[in-house]
Each structure stands twice: as structure tokens, then as C-alpha cells.
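To find a chain, count down the sequence lines: A is the first, B the second, and so on, and within it residues start at 1.
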Amino acid sequence: MSQSQHILTAVAWPYANGPRHIGHVSGFGVPSDVFSRYQRMAGNKVLMVSGTDEHGTPIQVQADKEGVSARELADRYNRVIAEDLTALGLSYDLFTRTTTLNHYAVVQEIFKGLYDNGYVFPRTTMGAISPSTGRTLPDRYIEGTCPICGYDGARGDQCDDCGNQLDPVDLINPKSRINGETPKFVETEHFMLDLPAFADALGSYLQAKQGEWRPNVLKFALNLLGDLQPRAISRDLDWGVPIPLDGWRDRHDKRLYVWFDAVIGYLSASVEWARRSGDPDAWRQWWQNPDAQGYYFMGKDNIVFHAEIWPAILLGYNGEGARDGKPGSLGRLGLPSEVVSSEFLTMEGRKFSSSRQVVIYVRDFLSRYDADALRYYIAVAGPESQDTDFTWNDFVNRNNGELVAAWGNLVNRSISMAAKNFGAVPQVGDLTDADRALLASSKAAFAPVGAELARSRFKNAASQALDVVRDANRYLAEQEPWKLKGDPARQQSILHVALQVVDDVKTMLTPFLPTSSNKIYGMLGGEGVWTGMPEIREVGEEGGRDYPIITGDYAGAARWEHRPIAPGTPLAPPSPLFPKLDPKVVDDELARMGGG
RNA sequence: GGGGCGGUAGCUCAGCUGGUCAGAGCAUCGGACUCAUAAUCCGUGGGUCGUGGGUUCAAGUCCCACCCGCCCUACCA
């Protein structure tokens, strides 16, 4: 094992145009938190950052629809999302937003660095704008008749009927999906990121990741290299980060493209975190230390931005593309060590769709079920390596069978017996072969389970921890401590062994189940905090506005290691850890989904 | 159109660079037990590993073709 490392956990930024649903958090939220909690327990220095992504056309469109300003809309959903992610127990060191002055400053610094090195240049292009607002009309917001197959619901970027990629200029009878008006195609000047200049650098960067990244991510990224085009990183819109060049800075009709500013959020959030921690340069440990690792968590539709565009931006800022150059004033910045992408979650066989009520928002879910139950389900049955279907039936089965019947019951029966008979953690006497075997297999599980967690293979990790649970239940069935009233010494030894294994497994499940693991820690007499939980804090910014952030003190007692339990520690009769769900909730939830 | 993923027991899925790889969990059925949220434990059945070829001493595991499902295609994780 290596020494303590600096690990940046960069979590995809949820878009603040509405509340997030469980598909979103299964992609970026739960995986990144399980990973980060494990890394902290393993003794590494984790910096986990994210925030709400608040610029761009969809937010402006939604705000117009609701008759509020983009900022008001973003304020609203920033708070909703921050509250939901906190309730899920996601241990962000800083969860901020893209509308801070700090973020604007960092984004503009990166832009200038790219510009000074020659990787960003202006170009006049043809683009669609809305005649009534003058704003860029993204291709997806234009529909019309497909010039190839005649399908009349084709979008500007692609025809859903024949599958061909289109240019919106070619659409017959194009219309805006926002308000039905006919878009105007005009010449407009935009700044382009010179992606072809990074073809070689990106190629060698990605090649070096062979065997390390999930194969689908790497294949996808390598594939993109074949056709790199300069890409516009500005838009005709007033809701975004201003372009920091003379003659552009004060224009209200040109802003940086939302994705360009969003990925830079990982850096700006790190900078903000450092400043709030009292050491403004602390972020450098995660970005400029050659031994630091950066893990980026997201859903698969984000791969292009994290495996292609973000590395290109960093290379350009560092002056490491085909045009060379030198690092900007922040200094050389590290590229992602690994891009961890989840696949997609579907809902009862269908795509998530808020308009069709095929959705369950995080908030609604957590109003009826525990965060640990959702975290567990996503970790063991989520879209880790392929698209996965969420069904209420499966959720109830796994909750009742695995969390309640296997794990919760082991905890409950062990502590209950020990509390009832001895009122304390029992002494251990001579060990039998069976005792030793169980203790050894429990202790031996730390290494493989940890290794799987470090590789973001959460299903394997959880299932190996559950194997220990099954071993322990079998052990109790074989040893039958409840029959040994006449042999208290032996009875004590058995219960001691059982409790020790409960403690071990509690440790191994902590990344998945922080809340219930904290309870078990307390039940077994643990002092202080086992694993920290996030909280919302209201903060301000010099010259800016107040806003909520998620942060927390995660330096609890939790360590990724076997911890001997102490005989004599008082035990109280336990209460169940996980509520068993009535199978009727399946029907209730399906009915809630609008007729199922 | 281009790219990617998947098709293994009733269900959900493991099976990395080819040789105990035909598995796990759940569900079913039979039995045991009672400490525990009627939880637990033991046993049982069940698959020509999508289809057709090929390479090999040996193929879910590699190659080709095909069928089916899904996803991405750059402003819905």
C-alpha cells in the first residue's frame, strides 16, 4: 500500500434547472461519495468538490417560462439540490455554485491562459438565433422537417426518425421549440477552442490510461480523437460568464459557453475551498502535486467533456498542445487521473421523464425511505457498468432481504443477545476452530473489499462484505449460543466473536451506509463521531452575495481496518437499524407515477 | 449514418489476458431452528452461456456474419 495520497474527487455538477432525481444521483452522487468515504478511511487526503451548474440556455428558457429571472431560478434550485444532496449524506468538502465571483474569476483566468497560448481564437460562424430575444438558439431547440427522410419532427442536430445528423440550416420549415417562431440564421462571432491542436497530446494522455479506466470510457474517448474540430466556447446569451477581453468584457449578448465554465468549476471550487479553509494555496496540493490523483465521477453523457474537452483545456492552459506556450498565472494544472463514468438508470423500464411523471425526485424518495436504503440500492444494483432498470419491486426486495434480513438482523440478534444476557460486550475465552475461521475471514475481507472500492467496483465490494454477513449468520446458526445458558463462558466467547464481526462489517459498509454505521458504532460503545456527515452552511463572498454551501468535518474515527472491540463495554438492547418495507409500497409507488 | 454496450439458470447479475467456467444472490420446493424486524440456517431443482460459421489440442471467454434490446452522437446525470 502507498503512503497517504492527495485525492481530488471531482463530482459532476448538477444542472440547476429543476430538482434532481434518483437517476442523477446514481450517476455522480452515490458512487463519488462511496469512493471518497473509503479513501478517507484508508488514510488519504480527499478533497471532494462540486456545485450547481447554473448558466446556459436551458436555465434561461425555464426561467422565462416561469416568469422569473435566470438568477432567481438558479437560486431556487441551487438550494433545493444542495438540501437533497446533504440529505443523501454526500460528503462534499465543498459544494458550491457557478455563479460566484470566485468562479467567474477562475474561469476568466483559464480563458485568458488559453487565449494567450493561442488555443482560443475568434471565428465568424453561421448560427441560429431567436429573433425575439437575440439569443443563440441551440440546435436541439430547433425542429422542422428532415431534408433526408421528410420526417416532420426532426431536431436541428439530428433526425429521430432516420437517425442522420443534420445541420439546422438544412431543416425545411424550421421552428423554435421554445416559442414556435422561425429562427434567424445569422453570422455571429464566437471564440473557438482549438481541439485539433491537442490531438497528439490527448492521444498520448489517453493511451497511457489503457487498462486503468473502464474500457467503455476509454474507447469512447479514443474514438473521438479521430474527428477533432475547433469547438465554440461562447454563445449569444447574457446569462453566463463574461468574456474577459477588451471589447468583449462588457457585451451583454456574448458569454462563455456553459460547459466551458462548468468543468472549470472543479478548479474554482478547490480554490474556494482553500480560501475558506484559511490557507488560500491549499488547493495546489490536489492540482500541482505530481503524486495527487484526480477522480472524476459522472454519467456517461458527460464523458466527452471530461475525457476530451477538460483535458484539452488543461493542456492548453499548461501550454502543452501543438502550439506549446507556458502555464498561466495559476501554474501548471494536473489532468484527470481517471474518468469514472456510470451508465444510465431507467425507471420501471422507461427513460426518466419529468414531463411524463416517469421520475422519482431525491426529495420525494427521502421523504418516505432512508438515505442508506437508497445509497445501498444504487451501490449494489445501480448502473455501474451497464444501463440498469430501477424497479420498486427490486428496491423493496433488496431492502428487505439484504439490508433488513441479512445485515440488520445480524446486528440486531448479536447485540440483543449480548445485551440481554450480559449487558456488555462479553469476554472472550478459548477460541475454537470455527471462531478463528470466522474472525479470520472477516479480517481478511478488508483488503479485497477495499481494493474493489478503490477501483470504483462498488457491486463487487458490497457483495464481498455481504458474504461475511452470511458467514456470520451461519456461524450463529451452528454455534447456537441461545442454547448455552449452562455454559456462560462459551456463550460469551461466541457472542464476542459475533460482535467483533459485526464491528468489522460495519466498518466495511461505512462508505455505503454512513448513517446506520454511525449508529452501530454508538451501540458498541464508540465515542465521538465515526464518520462525518455533511451540513449546509450559509456563507458570503467579498463583494458578492450570500449562498448555501455543503461542507463538513469528515475526520471521524473511521479507519479502514479491523478494530478490536473492548469487553466490558456496556450494551443497551438495540432497536432495528433498517425499517422493513411493506410490499404494498410497490403498488403505491407505481400508482404515484401516474398510472404506471 | 457513425460510435458504444448488452443478450449466461424463473428474476437480477459475476465470469480479467481461452484450459474445474458452467457460478452467486433472490425466487420455488423440502427440512431445521427460535437469539433476532416470521428474521436465520441446511438441502433441492433449473441453463445446448442470442443464432450460424471459423481459429484452436481446448471457447460464454478470440475472429466473421447475422438477429434482438439499449445507449451516446457533443446544452437531460
Regarding the side chain of A:H24, the nearest nucleotide among B:C75, B:C76, B:U37 is B:C76
Is the ring pair A:F365/A:F390 parallel, tilted or perpendicular, if the boundaries are 30 and 60 degrees? perpendicular
Take A:S234 and A:H190, measure what side-chain hydrogen bond (donor to acceptor under 3.5 Å, both in side chains) needs, and give me the verdict at the end.
CA-CA 6 Å; A:S234 57; A:H190 281 302; 2.7 Å; yes
Over all strands shown, is A:L410 touching base, sugar-phosphate only, or nothing at heavy-atom distances under 4.0 angstrom? nothing
Margin query: Heavy atoms only, 4.0 Å cut-off, all strands: where does A:F352 land among base, sugar-phosphate and nothing?
Written below: nothing
ask   = C1' atom, B:U17 versus B:G60: distance in rounded Å?
value = 16 Å
- Message: Using a 4.0 Å heavy-atom cut-off, does A:L577 contact any base of the nucleic acid, only the sugar-phosphate backbone, or nothing at all?
- Response: base
Between CG of A:L218 and P of B:C72 the distance, given in whole Å, is 20 Å
Ranking A:E478 and A:R457 by the position along RNA chain B of their nearest nucleotide, the one closer to 5' is A:R457
For B:C26, the nucleotide meeting Watson-Crick or G-U wobble distances (both under 3.5 Å) is B:G10
| said: Regarding A:D435 and A:R490, does a basic nitrogen lie under 4.0 Å from an acidic carboxylate oxygen? | reply: yes
Atom CG of A:L466 and atom P of B:U12 are separated, to the nearest Å, by 20 Å
Exercise for the section: Under 4.0 Å between any heavy atoms, over every strand shown, what does A:F28 touch: base, sugar-phosphate, or nothing? Just pick one. Expected result: sugar-phosphate
Touch class at under 4.0 angstrom, heavy-atom based, for A:K459 against every strand present:
nothing
Q: Identify whether any heavy atom of A:Y15 sits under 4.0 Å from a base atom; if not, whether one sits that close to sugar-phosphate; answer base, sugar-phosphate or nothing.
A: nothing
Margin query: Can you tell me how the ring of A:W239 sits relative to the ring of A:H55, calling it parallel under 30°, perpendicular over 60° and tilted otherwise?
Written below: perpendicular
Separation of B:C71 atom P from A:N302 atom CG, nearest Å, is 17 Å
Nearest heavy-atom contact between A:Q60 and A:A70 is OE1-CB, 3.8 Å
- Inter-nucleotide P distance (B:U44, B:A24), Å rounded: 11 Å
Applying a 4.0 Å non-hydrogen cut-off, can you work out what A:G56 is touching in the nucleic acid: base, sugar-phosphate, or nothing?
nothing
field: Integer angstrom distance from the C1' of B:A9 to that of B:G4
entry: 28 Å
The Watson-Crick or G-U wobble partner of B:C16, with both key distances under 3.5 Å, is none
B:A38 -> Watson-Crick or G-U wobble partner, both distances under 3.5 Å, gives none
| message | Need one value for A:R20: base, sugar-phosphate or nothing, where a base atom within 4.0 Å counts as base even if backbone is also close, heavy atoms only. | response | nothing
When rounded to whole Å, the CG to P distance for the pair A:N400 and B:C26 reads 13 Å
Between CG of A:L345 and P of B:C13 the distance, given in whole Å, is 11 Å
Evaluation steps, salt bridge (charged side-chain N to carboxylate O under 4.0 Å, His left out), between A:D387 and A:K351:
CA-CA 11 Å; A:D387 291 345; A:K351 278 186 79 160; over 6 Å; no
Would you call A:W213 and A:V340 a side-chain contact if the rule is heavy atoms closer than 4.5 Å? no
Could you go through nucleotides 4-9 of chain B and list every protein N or O atom that sits under 3.5 Å from one of its N or O atoms, giving the distance for each pair?
from: B:C5; atom 1: OP1; to: A:K219; atom 2: NZ; distance (Å): 2.5

Checklist entry - Below 4.0 angstrom from OP1 or OP2 of B:C75, is there any side-chain N or O of A:R231? => result yes
Stepwise, does the side-chain hydrogen bond (donor to acceptor under 3.5 Å, both in side chains) test hold for A:N399 with A:Y369?
CA-CA 10 Å; A:N399 182 76; A:Y369 311 101; over 6 Å; no
Rounded to whole Å, CG of A:N409 lies from P of B:U34 at a distance of 16 Å
Checking B:C33, B:C75, B:A36 against the side chain of A:W482 (C-beta onward), the nearest is B:C33
Practice problem: Quote, to the nearest angstrom, the C1' distance that separates B:U20 from B:C26. | Solution: 26 Å
Side-chain N,O (A:K420) to OP1/OP2 (B:A36) below 4.0 Å: yes
Residues passing the ring pair (Phe, Tyr, Trp, His ring centres under 6.0 Å) test with A:F512, sequence neighbours excluded, are none
Of A:P383 and A:L195, the one whose nearest nucleotide on RNA chain B sits closer to the 5' end is A:L195
Notebook entry, point to check: Ignoring hydrogens and angles, are the base of B:A36 and the side chain of A:N412 linked by a donor-acceptor pair under 3.5 Å?
Noted result: no
request  = Evaluate the side-chain proximity of A:T391 to A:F395: yes if any heavy-atom separation is below 4.5 Å, no if none is.
outcome  = no
Indicate, with a heavy-atom threshold strictly under 4.0 Å, whether A:P481 touches base, sugar-phosphate, or nothing. nothing
Here the distance between atom P of B:C71 and atom CE of A:M298, to the nearest Å, is 21 Å
Taking B:C72, B:C41, B:C35 as options, the one with an atom nearest any side-chain atom of A:K351 is B:C72
B:U51 -> Watson-Crick or G-U wobble partner, both distances under 3.5 Å, gives B:A65
Give one of base, sugar-phosphate or nothing for A:V304, where a contact means two heavy atoms less than 4.0 Å apart. base
Of the candidates B:U37, B:C41, B:C13, the side chain of A:V404 sits closest to B:U37
Q.
Regarding A:T57, tell me which of base, sugar-phosphate or nothing describes its non-hydrogen contacts under 4.0 Å with the strands shown.
A. base
Glycosidic torsion of B:G60 (syn if within 90° of 0, anti otherwise) classifies it as syn
Is A:R398 near enough to B:U12 that one of its side-chain N or O atoms lies under 4.0 angstrom from OP1 or OP2? no
- Task: Pick the P atom in B:C5 and in B:U61, then give their distance to the nearest Å.
- Result: 16 Å
Taking atom C1' in both B:C13 and B:C49, compute the distance separating them and give it to the nearest angstrom.
13 Å
* Verify side chain to side chain contact (heavy atoms under 4.5 Å, CB included) between A:L366 and A:D84, making sure each step is shown before the conclusion. => CA-CA 8 Å; A:L366 293 182; A:D84 288 352; 5.8 Å; no
Aromatic contact between A:Y119 and A:F198, with the criterion being ring centroids under 6.0 Å apart: yes or no? yes
In whole angstroms, the gap separating C1' of B:U37 from CG of A:D582 amounts to 13 Å
Picking from B:C75, B:U37, B:C72, the nucleotide nearest the side-chain atoms of A:F305 would be B:C75
Roughly how many Å apart are B:G15 and B:U55, using the C1' atom of each and rounding to a whole number? 22 Å
Scanning all shown strands, the Watson-Crick or wobble mate of B:C75 with both distances under 3.5 Å is none
| message | I'd like the P distance from B:A14 over to B:U8, given in whole Å. | response | 11 Å
